[in-house]
Amino acid sequence: MKRFSIGLFLGLGLTFMAVPSHAILEARIHYGAGQGSPDEYNNAYFKFQDGPELEEQKVLGADLIFSPPMLKWGLGVRFEGMQENGTEFNEKVEMDITRTSILLNHRIVNTLLYFGPIVTYGVDHKFAMAIPTDPNKISSGDASSYSAGVEGGAKFGLFSLGAEVGYQSLKFNKLTESDAGPWTKNGRTISEVDLSGMYYKILLGIGF
């Protein structure tokens, strides 16, 4: 009986490892950072010693992905909240961003391990920057974004743990101060906050 139980356990384990793991609907959360350094802001503030240098944004987000049976493609939506705060030269800056995007991924490998490309296209953006020491609040009237990267990880039953790395283009234009006038500092007009750069995320998901 003991030998039979061990054999059954090993047989079930090997079968489980050999069968591809496919979730029709996957929900996941992710945490990471984007390495966006806005030149126009840094040239007007940091180089004049009037504010901190902006160079990395913390990102917390969530995905909902639908993957039709027998296909290695997934279509979904991604929501991200980004933040960067800093204090330097007696000036404090608080930047808050939200981004909603359409997501498309392709699992080249999709068994107990998964790997493949992933792209997103931004459809809704919100930008707010507060400079409390000044004080001033900056808003954006136009934005665009997309990303392209690769994701990979492992599946543990219904759960998955992985990582994603890639490049993201994220630009905010039509920037205005609290009085609706153009954003200026030290004789410079800041017309764009370009946070484009490499990004990375840790992913934790559950599939159904």
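No hydrogens, no waters, no symmetry mates; every other heavy atom, side chains included, goes into these values.
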Using a cut-off of 6.0 Å, state whether more than 12 heavy atoms not belonging to Phe48 lie near its atom CZ.
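It does: Phe48 CZ has more than 12 such atoms within range.
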Counting only heavy atoms not in Tyr167, do more than 12 fall under 6.0 Å of its OH?
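Yes, OH of Tyr167 has more than 12 neighbouring heavy atoms, counting only those of other groups under 6.0 Å.
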Residue pair [X] / [Y], side-chain heavy-atom distance below 4.5 Å:
X      : Y      : result
Lys47  : Tyr45  : no
Arg78  : Thr100 : no
Pro132 : Glu94  : yes
Leu104 : His106 : no
Ser169 : Tyr146 : yes
Ile102 : Leu75  : yes
Phe156 : Leu161 : yes

Under 3.5 Å, is there a donor-acceptor pair between the side chain of [X] and the main chain of [Y]?
X      : Y      : answer
Asp63  : Arg28  : no
Asp194 : Ser196 : yes
Asp179 : Gly181 : yes

Cluster overlap [X] with [Y], hydrophobic side-chain contacts below 4.5 Å:
X      : Y      : answer
Ile97  : Trp183 : yes
Phe172 : Phe46  : no
Val59  : Leu203 : no
Phe208 : Ile65  : no

Go through the side-chain N and O atoms of [X] and [Y] and say whether any donor and acceptor fall under 3.5 Å apart.
X      : Y      : answer
Ser191 : Asn173 : no
Asn110 : Lys155 : yes
Thr120 : Ser147 : yes
Thr98  : His125 : no

Tell me which donor-acceptor pairs under 3.5 Å the side chains of residues 79-91 have, and how far apart each pair is, sequence neighbours excluded?
unit_1, atom_1, unit_2, atom_2, d
Glu80, OE1, Arg99, NH1, 2.8
Glu80, OE2, Lys201, NZ, 2.7
Gln83, NE2, Asp96, OD1, 2.7
Glu84, OE1, Gln57, NE2, 2.7
Glu84, OE2, Glu55, N, 2.9
Glu84, OE2, Glu56, N, 3.4
Glu91, OE1, Thr133, OG1, 3.2
Glu91, OE1, Asp134, N, 3.4

Could you walk me through whether Ser37 and Asn42 pass the side chain to side chain contact (heavy atoms under 4.5 Å, CB included) test, one step at a time?
CA-CA 8 Å; Ser37 181; Asn42 287 331; 3.2 Å; yes
Does the side chain to side chain contact (heavy atoms under 4.5 Å, CB included) test come out yes or no for Leu60 and Lys58, once each step is laid out?
CA-CA 7 Å; Leu60 180 65; Lys58 301 301 181 184; over 6 Å; no
Who pairs with Thr184 by side chain to side chain donor-acceptor pair (under 3.5 Å), at least two apart in sequence or on another chain?
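Thr184 satisfies side chain to side chain donor-acceptor pair (under 3.5 Å) with no other residue.
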Which heavy atom in [X] sits nearest to a heavy atom in [Y], and how many Å separate them?
X      : Y      : value
Pro68  : Phe66  : CG-CE2, 3.7 Å
Tyr114 : Gly162 : OH-CA, 3.5 Å
Ile138 : Asn136 : CD1-ND2, 3.6 Å
Ala180 : Thr176 : O-CG2, 3.8 Å
Ser67  : Gly74  : OG-CA, 3.6 Å
His30  : Ala62  : NE2-N, 3.4 Å

Kindly determine whether Ile118 and Leu103 satisfy side chain to side chain contact (heavy atoms under 4.5 Å, CB included), including the steps that lead there.
CA-CA 7 Å; Ile118 180 170; Leu103 178 155; 3.7 Å; yes
If I take atom CD1 from residue Ile206 and atom CZ from residue Phe159, how far apart are they, to the nearest 0.5 angstrom?
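These two atoms lie 4.0 Å from each other.
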Does the salt bridge (Lys or Arg N to Asp or Glu O under 4.0 Å) test come out yes or no for Glu40 and Lys185, once each step is laid out?
CA-CA 10 Å; Glu40 290 192 19; Lys185 186 69 174 181; over 6 Å; no
Ion pair present between Glu26 and Arg107, side-chain N to carboxylate O less than 4.0 angstrom?
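Yes, Glu26 and Arg107 are salt-bridged.
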Between Glu192 and Lys174, does any NZ, NE, NH1 or NH2 come within less than 4.0 Å of an OD or OE carboxylate oxygen?
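Between Glu192 and Lys174 there is no salt bridge, as every charged N stays at least 4.0 Å from the carboxylate O atoms.
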Could you walk me through whether Leu195 and Met95 satisfy the side chain to side chain contact (heavy atoms under 4.5 Å, CB included) test, starting with their C-alpha distance in whole Å, then the side-chain angles of each, then the deciding distance to 0.1 Å, before giving a yes or no?
CA-CA 12 Å; Leu195 300 174; Met95 183 170 62; 4.1 Å; yes
